[in-house]
Amino acid sequence: MKITSAEFITSAVGPNQYPTDGLPEIALVGRSNVGKSSLLNKMMNRKGLARTSQKPGKTQTLNYFQVNKLLYFVDFPGYGYAKVSKSIKGQWGKMIENYLKQRKELRFIIQLVDIRHAPSKDDIAMYEWCKEIGIPTVVVATKGDKIARGRWLQHTKVIRQHLHMRGDDTLLIFSSETGQGRDELWSEIKRRLYEYDEEKRELAAAAKSEANAEANKEVTVPSSAGGAEGKAQK
């Protein structure tokens, strides 16, 4: 995908700080140090736009990045970092839960896992939670350049097994160093956004057709009315 514009928009901690332009949003979730910032920069072709924190777990907001004035990437706080206090983790949990359950602009989630390791308990819990509340999820295995290509299949098999992914669930391999998977991920994003819009148009058309049918029923005069009236006059 050709990137004509990419910019940081805002850091939000609640709905009153979210953008109001109605553009589709794609949330990125994953453990601290899994490579979310690096993936974002590679996807947007912008070095340093999404900054990698020197202190894992530091991000405590939803960070909005607008791409081509068409969509937002929403960078979530990293989870699973032990040195972050329980109170802060609790605040993150509430913010994330409210966003995932209530944000109408959210189209799907990109969940990042490290291809070198089996998914953690937090990874598994996040994936299962998204499935439970019905949010489509694309799993991206980062750091693909850190292991030999010949071992990719073995490692992705482990990821699928631990996350209990179905055969048709999407799993892509990504490397922010080589660009591996960038085109594939953009294709997946465009496909899902297109299918969402198509489904929305079909539902709107069906609703309009149903409304028209109901309206036609209301204006139809029963033919038996005239006959009954005529008999009464005789």
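Computed from a predicted structure; not experimentally measured. Note that these values count all heavy atoms, side chains included, but never hydrogens, waters or copies made by symmetry.
Between atom OG1 of residue T170 and atom CZ of residue F108 there is a gap of 9.0 Å, rounded to the nearest 0.5 Å. Atoms NZ and CD, from K42 and E177 in turn, are 7.5 Å apart once rounded to the nearest 0.5 Å. Note: R103 CZ to I96 CD1 = 15.0 Å, rounded to the nearest 0.5 Å. The distance from the CZ atom of R191 to the CG atom of L193 is 10.0 Å, given to the nearest 0.5 Å. Remark: W129 CH2 to I109 CD1 distance equals 8.5 Å, nearest 0.5 Å. Taking CE of M43 as the reference point, atom CD1 of I3 lies at 7.5 Å (rounded to 0.5 Å).
Annotation: Y64 is in aromatic contact with Y72 [ring centroid separation under 6.0 Å].
The side-chain heavy atoms of K69 and S5, taken from C-beta on, include a pair separated by under 4.5 Å. Side-chain contact between V113 and T142 is absent, with no heavy atoms from C-beta onward closer than 4.5 Å. You'll find the side chain of R160 stays beyond 4.5 Å of the side chain of V139, heavy atoms only. Annotation: side chain of H155 is not in contact with side chain of H117 (no heavy-atom distance under 4.5 Å).
Side-chain atoms of T156 come within 3.5 Å of backbone atoms of L153 as a donor-acceptor pair (strictly under, hydrogens ignored). Side-chain atoms of N68 do not come within 3.5 Å of backbone N or O of L70 as any donor-acceptor pair. Side-chain atoms of R46 come within 3.5 Å of backbone atoms of M44 as a donor-acceptor pair (strictly under, hydrogens ignored). Using modelled atom types, no side-chain atom of S38 and backbone atom of S176 make a donor-acceptor pair closer than 3.5 Å.
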Candidate pair C130 and Q111, rule side chain to side chain contact (heavy atoms under 4.5 Å, CB included), full reasoning: CA-CA 10 Å; C130 292; Q111 181 175 1; 5.5 Å; no
Audit row: E7, V67, side chain to side chain contact (heavy atoms under 4.5 Å, CB included) steps and yes/no: CA-CA 7 Å; E7 57 183 322; V67 184; over 6 Å; no
Verdict with reasoning, F65 to N41, per side chain to side chain contact (heavy atoms under 4.5 Å, CB included): CA-CA 10 Å; F65 298 89; N41 288 330; over 6 Å; no
Audit row: I110, L185, side chain to side chain contact (heavy atoms under 4.5 Å, CB included) steps and yes/no: CA-CA 10 Å; I110 296 175; L185 183 51; 4.0 Å; yes
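For D122 and Y127, the side-chain atoms include no donor-acceptor pair closer than 3.5 Å. A donor-acceptor pair shorter than 3.5 Å can be found between the side chains of D123 and S120. If you check the side chains of Y99 and E25, you find a donor sitting under 3.5 Å from an acceptor. Side chains of T178 and D145: a donor-acceptor N/O pair is absent below 3.5 angstrom, by distance only.
Atom CD of E198 is surrounded by more than 12 heavy atoms from other residues, nucleotides or ligands within 6.0 Å.
Of all heavy-atom pairs between R107 and E105, the closest is NH1-O, 3.0 Å. Taking every heavy atom of both residues into account, P77 and M95 meet most closely at CG-CE, 4.0 Å. The minimum heavy-atom distance between G78 and K36, with the atom names listed, is N-NZ, 4.2 Å. In this structure, S37 and D75 approach most closely via the heavy-atom pair OG-OD2, 4.4 Å. For the pair S11 and T61, the tightest heavy-atom approach, listed with the atom from each and the gap, is CB-OG1, 3.6 Å.
A salt bridge is absent between K190 and E195: the closest approach of a Lys/Arg side-chain nitrogen to an acidic carboxylate oxygen does not fall below 4.0 angstrom. In this structure, D169 pairs ionically with K131, as a charged nitrogen and a carboxylate oxygen lie closer than 4.0 Å.
I9 and L49 fall into different hydrophobic clusters, defined by Ile, Leu, Val, Met, Phe, Trp and Tyr side-chain heavy atoms under 4.5 Å apart, directly or through other members. Both V34 and I26 belong to a single network of hydrophobic side chains, linked directly or stepwise wherever heavy atoms of I, L, V, M, F, W or Y lie under 4.5 Å apart. Residues I135 and V138 do not share a hydrophobic cluster, clusters being chains of Ile/Leu/Val/Met/Phe/Trp/Tyr side chains in contact below 4.5 Å. The hydrophobic cluster containing L23 does not contain W186, counting ILVMFWY residues as joined when their side-chain heavy atoms lie under 4.5 angstrom apart, directly or transitively. No path of Ile, Leu, Val, Met, Phe, Trp and Tyr side chains, each step under 4.5 Å between heavy atoms, connects I124 with M126, placing them in separate hydrophobic clusters.
Cation-pi contact between R31 and Y79: absent, since separation from the ring centre below 6.0 Å together with deviation from the ring axis within 45° is not met.
Each of L39, I115, L112 was compared with F174 under the side chain to side chain contact (heavy atoms under 4.5 Å, CB included) criterion, and only L39 meets it.
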